[in-house]
Amino acid sequence: MANTIIKFNGVEKRYGDTVSLKKIDFELEQGKFYTLLGPSGCGKTTILRILAGFTDASAGTVTFKGKRINDLPANQRKINTVFQDYALFPHLNVYDNVAFGLVLKKTTKTVIKQKVSEALRLVRLSGYAEREINELSGGQQQRVAIARAIVNEPEVLLLDEPLSALDAKLRTAMQVELRQLQQRLGITFLFVTHDQGEALAMSDEIFVMNNGEILQQGSPVAIYDEPINHFVANFIGESNIVKGKMVADHQVEFVHQCFECVDAGMRPNEPVEVVLRPEDLDLTSVDQGNLVVTVDTQVFRGSIYGIMSHDHAGNHWLIHSVHQSTVGRQVGIYFEPEDIHVMRYGESEAEFDARLEQYEGEADEKI
Amino acid sequence: MKMHGWHWRHLYLIFVFALLYAPIFYLLFYSFNQGTTMTHFIGFSWRHYAELFADTRMIQIVLDTLLIALLASLLATIIGTLGALVIYQVKRIWLKNSLLSLNNILMVSPDVIIGASFLIFFTFFGFKLGFNSVLLSHIAFSIPIVVLMILPRLNEMRQSLVDAAMDLGATNWQVLSRVVFPFISPGILAGYFMAFTYSLDDFAVTFFVTGNGFETLSVEIYARARQGISLEVNALSTLMFLFALILIAGYYLLTRYTTTKRRQRRYQLEAKIKP
């Protein structure tokens, strides 16, 4: 890639005997919004700290614009960080906090003044320059932290769960603002979060992590629609996952029934897992449904009802419906072949991509 | 709770403070006595103050004592701050705890033992007793106090502040001078004042390591008291008491200074914003 800005090559991190990162490889392109998504303790913050220069990698190389930066100290990297606790300096006011990096670079006073007010304007905090940090709300502090980082014009901005301390409404507003800010500045953002909704809303590209490994990389839509395994399917959005069998290409069997699907390229009768998203399931009458289920509970969630139900084989099905149902009633659920996503056991991302290419190629030839 | 209501606890408070301050005020009161004893108050007079100011030896000792206290607390604050930073940096728990314990042992061990050990140390190395030996021993026993005042403040500081400073391009020295020192400055100030008062009123350690020809106030007063106390000492005590009051007021104002300054700035700002 011509505009690759950051590259991790076989990066590992060990603390004594415990391995917190296993062979991480990825590339970041200039000007995109990336998200590292995973449960706490999966190693996503470690990647951020290695990139920022606060932690050394035990093995592998980190390159920045083609140059190895493993041994470059944090204060010489053109990368800035927005910390989870904001880490604003309590003895300095907003202006001095934002100006901190510029003052260290011995920028002239007039330039500092101009850049600081520009940065504060970008995060919509003009007029707050003289405020003390402890006089600001959480959302305002967060924006000061962002201003303090972007005023240095970094090529990559790292954000370590910066929205986790905000309330739900403010968090949603900040998601939009961060995304707009990234597009206006045109720099690479690497955002760390355990909140899948946040990741889906903001990113160009998501890395799903677990246990020190990157499980899947892709656009929000790709990851949501085609999760590679049980963990990803469960972690991103809500899923119904049932065991099944791949009878033949485009034919999958689950709950003792055979369904048409769009997946192919597997061994005949290979055991698989089948994912159906709750919003893809439509409530219908018993005779019109693909499957018949009994409604167990029903939760009103504002825009939709969350309906928990079970089929005769004991599988649980979560259905999102705009229409109400009745607890204890038998209903049919209907879905299209495209709604079914089949996952093989233990398939890696590379194998998945290769298989996808192969059978999509076959399909093109037929046309 | 009504502030003006009468409670038994007020009586208790008055009793305790009376007990604590009565001897001091007794001493202060007789410094104005026209007579020369602390048993009969004959009439008001400044004569003991006049005697005190005519006593050049006493004035010299007061100045020496203040000089020792200022120098010792200053040097102890510098060394103690660096010491606290080192202990803070130590990652291994057992080493950190050992260092802290070594520090605390110096705090709690009796002055007599510390004084005696300093005396042995100085004489063993043939160090001449006098101003320097007193200064060195005062620095030594003040360092643990400073360390103990600064460490809690350092522990309050989040690691991410240091990371953030590095992230914004600060060198190690800039991290210390622009982030760490401002953050722990209240602790440094408190440590300095504590060290100052410890040095000012130390008797036991000084008594051991002061040689011929150099005295501090406490040692001198002790020596004079053995020959029967003169009311000149009362006059001196009154002045020292006032000095201590000024010191405390100064410390109070100094710690309040930054907050009021910031508050004022905010009021000005708000006045500007409002149309």
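Since this is a predicted model, take the numbers as computed values, not measurements. Note on naming: letters A, B, ... go to the chains in the order of the sequence lines (proteins, then strands), and numbering restarts at 1 for each one. Note: hydrogens, waters and symmetry copies are ignored here, and every other heavy atom, side chains too, is used.
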Chain B contact via A:V103 - side chain, backbone, both or neither, heavy atoms under 4.5 Å: side chain

So which heavy atom on B:L168 is nearest to which on A:F89, and how close? CD1-CE1, 4.1 Å

Short question: side chain of A:N75, backbone of B:A170 - any donor-acceptor pair under 3.5 Å? yes

Between A:R49 and chain B, with a heavy-atom cut-off of 4.5 Å, which part of the residue counts as in contact: side chain, backbone, both or neither? side chain

Please flag which part of A:N152 lies under 4.5 Å from any non-hydrogen atom of chain B: side chain, backbone, both or neither. side chain

Should the heavy atoms of other residues, nucleotides or ligands under 6.0 Å from OH of A:Y128 be counted, would the total exceed 12? no

Would you name the heavy atoms of B:R158 and A:D85 that are closest together and state the gap between them? CD-OD2, 3.3 Å

Among A:I79, A:N80, A:L158, who wins on heavy-atom pairs under 4.5 Å with chain B? A:N80

Using a cut-off of 6.0 Å, state whether more than 12 heavy atoms not belonging to B:Y198 lie near its atom OH. no

Tell me, yes or no, whether the heavy-atom count around A:K7 atom NZ, taken from other residues, nucleotides or ligands under 6.0 Å, exceeds 12. no

Kindly check if the number of other-residue, nucleotide or ligand heavy atoms within 6.0 Å of CZ (B:R92) is above 12? no

Do side-chain atoms of A:H91 reach the backbone of B:F181 as a donor and acceptor pair under 3.5 angstrom? no

So with a 6.0 Å cut-off around CG of A:D25, is the heavy-atom count from everything else above 12? yes

The test is salt bridge (charged side-chain N to carboxylate O under 4.0 Å, His left out); show your working for A:R77 and B:D167 and say whether it passes. CA-CA 8 Å; A:R77 298 188 184 188; B:D167 190 67; over 6 Å; no

When rounded to the nearest 0.5 angstrom, what distance separates CG in A:D96 from CZ in B:R178? 10.0 Å

Do B:L161 and A:F83 have side chains that get closer than 4.5 Å, going by heavy atoms? no

